[in-house]
Trainee: 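Take this structure first; my questions come after.
All heavy atoms count here, side chains included; hydrogens, waters and symmetry mates do not. Quantities reported herein were computed from a predicted structural model and do not represent experimental measurements. Within every chain, numbering begins at 1; the chains are lettered A, B, ... in the order of the sequence lines, protein sequences first and strands thereafter.
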Amino acid sequence: MWKSLVIHRKELALQNTLVNGQCFNWKKLAPDHFQGILGDFFVTLKRAADNDTHLHYMTIPDDSDGKFLTLFKRYIQYDTVKVQELYAEWSLRLKHFKEIASHIEGVRCVRQDPWECTISFICSQNNHIKRITAMLEVMRQQYGQYICDVEEPVETDASSKEEEKKEPLKAIRKIYRFPTVDELKKATEAELRGLGFGYRAKFIVQSVKMIEEKGGDKWFESLRGKPLEKVRAELVTLMGVGNKVADCIALFSLDCADSVPVDTHVFQIAQKLGYIKGLKFQASMTDKLYVEIGDAFRKRFGDKAGWAHQILFAGDLDSFKEVIAESKKRSLGEITKEENVSEIKGGAGKANPEEGPKQIQNVKRLKK
DNA sequence: ACACTACCTGG
DNA sequence: CAGGTAGTG
């Protein structure tokens with residue numbers, strides 16, 4: 001049974017929020033048509049082309065008591081964050097932010113379950129979204145609780161396309177929820193390797209054990225509300241969790257809106273644009289440098305810098321790449337030149353008077 | 001503190 | 001090479 005929730009496209013664009021790399025539990029069936037697994041529910045989300053204000057949803061099991069709606073609202077931070085206000089504020093404050101953001105409206109950070117988020121991002125290292133999504137699907141099917149069957153059009157390759165054009169093949173996809181700590185505890189390294197997790201298999205097994213020893217879900221909950229530095233320090237103790245993954249977990253599941261995950265791409269952009277203090281080029285990421293780049297973002301965007309980061313880099317997906325690549329480059333360059341940005345509400349980071357755009361002269365290639 | 005590398009797998 | 005990390009000099 002279909003129901004609907006009032007939320008404008010500009011507050012939540014399914015494409016820009018659900019499959020931008022912050023979570024891996026959603027599948028795009030068509031534009032504005034997605035399916036995913038959220039808690040105990042299998043969810044279908046849809047927007048009509050002629051309706052900007054309503055989001056339609058259907059779940060299995062049916063949401064007869066509104067339990068899903070509560071869960072979903074918390075997931076998208078419906079009551080707590082208005083992204084249009086953030087867009088407006090940064091657009092006003094920072095030249096060209098608007099230019100970028102106008103191409104990628106409705107980007108939100110979702111508030112995920114920290115346990116699922118942690119395992120997901122351990123899988124994300126040195127990996128791409130498509131495979132991460134596939135790996136986690138396998139993990140759910142192997143260790144999670146069964147929810148339901150869903151009929152889906154089967155993926156066709158080019159050669160067989162002709163014959164299947166008339167009546168597209170349907171396949172049954174079995175939907176399972178994400179395993180609990182106890183459920184995933186049963187997985188062995190060999191098992192996970194066999195399932196295609198590669199060298200991450202060991203990290204998962206060890207981290208699951210560590211998480212359990214620390215108290216599981218209760219440990220994660222105890223991290224909420226703590227400052228980012230503290231949260232990151234705790235998370236980094238897990239095997240397979242470094243700064244970047246820790247920041248992803250903090251931002252996407254533990255309410256650290258000021259967390260700025262610095263991946264290789266952000267690192268390279270920051271370097272070229274002189275986000276980094278001093279003129280000396282550094283070939284590799286260090287703890288110090290990592291924090292420095294994050295601080296540069298926090299100084300410019302304030303206590304929700306992680307959201308700004310997410311909006312700016314959500315556009316790095318193929319669908320947007322060409323459209324905004326140029327405007328983004330200019331924009332980020334512009335941002336470094338902005339004065340007085342530390343006045344932004346809740347602006348964090350230390351003021352640094354002598355900081356300014358410094359073109360790095362001899363930027364050698366990062367990778368060969 | 002920083003540099004460098006191995007590491008699973010597949011597009 | 002891909003939205004990294006642990007381990008080693």
Side-chain angles (χ1 to χ4, degrees), chain A residues 16-24 104 107 109-110 112 117-139 155 157-158 187-207 209-210 232-253 259-271 276-278 280-294 297 306 308-321 325 328 332 364-368:
Chain A
N16 299 346
T17 291
L18 265 26
V19 290
N20 68 9
Q22 65 177 319
C23 53
F24 310 96
I104 43 173
V107 178
C109 289
V110 291
Q112 300 171 238
C117 194
T118 299
I119 300 301
S120 298
F121 278 95
I122 288 176
C123 294
S124 80
Q125 61 181 76
N126 208 312
N127 209 347
H128 49 272
I129 293 177
K130 189 176 163 129
R131 185 154 83 107
I132 301 163
T133 307
M135 282 163 60
L136 292 168
E137 170 100 2
V138 168
M139 179 175 284
E155 308 267 343
D157 56 12
T188 67
E189 181 184 341
E191 222 168 59
L192 290 170
R193 273 187 178 270
L195 292 169
F197 286 81
Y199 61 82
R200 302 163 197 82
K202 182 165 65 180
F203 295 163
I204 293 169
V205 171
Q206 294 199 38
S207 273
K209 187 185 290 182
M210 294 171 81
R232 188 186 335 183
E234 288 282 343
L235 292 172
V236 158
T237 63
L238 298 174
M239 186 60 64
V241 176
N243 284 327
K244 192 267 181 179
V245 168
D247 270 346
C248 287
I249 301 165
L251 176 60
F252 302 135
S253 77
S259 167
V260 179
V262 180
D263 58 33
T264 51
H265 185 216
V266 175
F267 171 47
Q268 290 179 44
I269 300 263
Q271 188 145 243
I276 301 162
K277 279 178 288 191
K280 211 181 296 170
F281 174 85
Q282 284 183 221
S284 63
M285 179 66 74
T286 62
D287 283 4
K288 185 171 173 243
L289 186 51
Y290 184 96
V291 172
E292 206 171 292
I293 294 172
F297 267 86
H309 160 278
Q310 195 63 14
I311 293 163
L312 290 171
F313 290 92
D316 285 339
L317 302 172
D318 301 335
S319 37
F320 306 107
K321 221 160 197 166
K328 176 162 63 188
L332 286 177
K364 56 182 173 181
R365 292 166 63 194
L366 291 170
K367 296 172 183 178
K368 38 179 182 33

Trainee: Please tell me if the side chains of A:Ser259 and A:Ile249 come closer than 4.5 Å, counting only heavy atoms from C-beta onward.
Mentor: no

Trainee: What's the closest nucleotide to the A:His309 side chain, out of C:dG3, C:dG4, C:dA6?
Mentor: C:dG3

Trainee: Distance check needed: B:dC8 P versus A:Ile204 CD1, whole Å only.
Mentor: 13 Å

Trainee: Over all strands shown, is A:Asp287 touching base, sugar-phosphate only, or nothing at heavy-atom distances under 4.0 angstrom?
Mentor: nothing

Trainee: Could you check how far CZ of A:Phe203 sits from C1' of B:dC7, rounded to whole Å?
Mentor: 8 Å

Trainee: Under 3.5 Å for both pairing distances: what stems, at least three Watson-Crick or G-U pairs long, include DNA chain C?
Mentor: B:2-7 with C:4-9

Trainee: Tell me the closest heavy-atom pair linking A:Phe24 and A:Ser120, and the distance in Å.
Mentor: CD1-CB, 3.9 Å

Trainee: Is there side-chain contact between A:Leu195 and A:Met139, with at least one heavy-atom pair below 4.5 Å?
Mentor: no

Trainee: Provide the distance between the two P atoms, one in B:dG11 and one in C:dT5, to the nearest whole Å.
Mentor: 24 Å

Trainee: So, does A:Ser284 get its side chain near the phosphate of B:dC2, meaning an N or O under 4.0 Å from OP1 or OP2?
Mentor: no

Trainee: On the nucleotide C:dG4, are OP1 or OP2 found under 4.0 Å from the side-chain N or O atoms that A:Ser124 carries?
Mentor: no

Trainee: Any heavy-atom pair between the side chains of A:Val262 and A:Val266 that's under 4.5 Å?
Mentor: yes

Trainee: Rounded to whole Å, please give me the gap between CD1 in A:Ile129 and P in C:dC1.
Mentor: 19 Å

Trainee: Determine the interatomic distance between C1' on B:dG10 and the same-named atom on C:dA6; round to the nearest Å.
Mentor: 23 Å

Trainee: Parallel, tilted or perpendicular: which describes the rings of A:Phe297 and A:Phe313, with under 30° parallel and over 60° perpendicular?
Mentor: tilted

Trainee: A:Tyr290 has an atom OH; how far is it from atom P of C:dA6, in whole Å?
Mentor: 13 Å

Trainee: P atom, C:dG3 versus B:dC4: distance in rounded Å?
Mentor: 23 Å

Trainee: May I have the distance from A:Leu136 (atom CG) to C:dG3 (atom P), rounded to whole angstrom?
Mentor: 15 Å

Trainee: Are any non-hydrogen side-chain atoms of A:Leu251 and A:Pro261 less than 4.5 angstrom apart?
Mentor: yes

Trainee: Considering non-hydrogen atoms only, spot the tightest contact between A:Gln22 and A:Cys109 and give its length.
Mentor: OE1-CA, 3.3 Å

Trainee: What's the CD1-C1' distance between A:Ile122 and C:dG3, to the nearest Å?
Mentor: 16 Å

Trainee: By the 4.0 Å heavy-atom rule, please label A:Val266 as base, sugar-phosphate, or nothing.
Mentor: nothing

Trainee: Table please: side-chain donor-acceptor pairs of residues 232-242 of chain A below 3.5 Å, with sequence neighbours left out.
Mentor:
unit_1   : atom_1 : unit_2   : atom_2 : d
A:Arg232 : NE     : A:Asp247 : OD1    : 3.4
A:Thr237 : OG1    : A:Lys214 : NZ     : 3.2
A:Thr237 : OG1    : A:Glu234 : O      : 2.6

Trainee: In whole Å, I'd like the distance from the CZ atom of A:Phe24 to the C1' atom of C:dA2.
Mentor: 12 Å

Trainee: Could you check whether A:Leu238 gets within reach of a base, just the sugar-phosphate, or nothing at all, counting any heavy atom under 4.0 Å?
Mentor: sugar-phosphate

Trainee: Kindly give the heavy-atom pair with the smallest separation between A:Ala187 and A:Val205, and that separation in Å.
Mentor: O-CG2, 3.8 Å

Trainee: Within the 4.5 Å heavy-atom criterion, are A:Asn126 and A:Arg200 side-chain neighbours or not?
Mentor: yes

Trainee: Rounding to an integer number of Å, can you tell me how far A:Met210 CE sits from C:dT5 C1'?
Mentor: 13 Å

Trainee: Any protein N or O atoms within reach of nucleotides 9-11 of chain B? Criterion: under 3.5 Å, listing atom names and distances.
Mentor:
unit_1 : atom_1 : unit_2   : atom_2 : d
B:dT9  : O4'    : A:Arg131 : NH1    : 3.2
B:dT9  : O2     : A:Arg131 : NH2    : 3.3

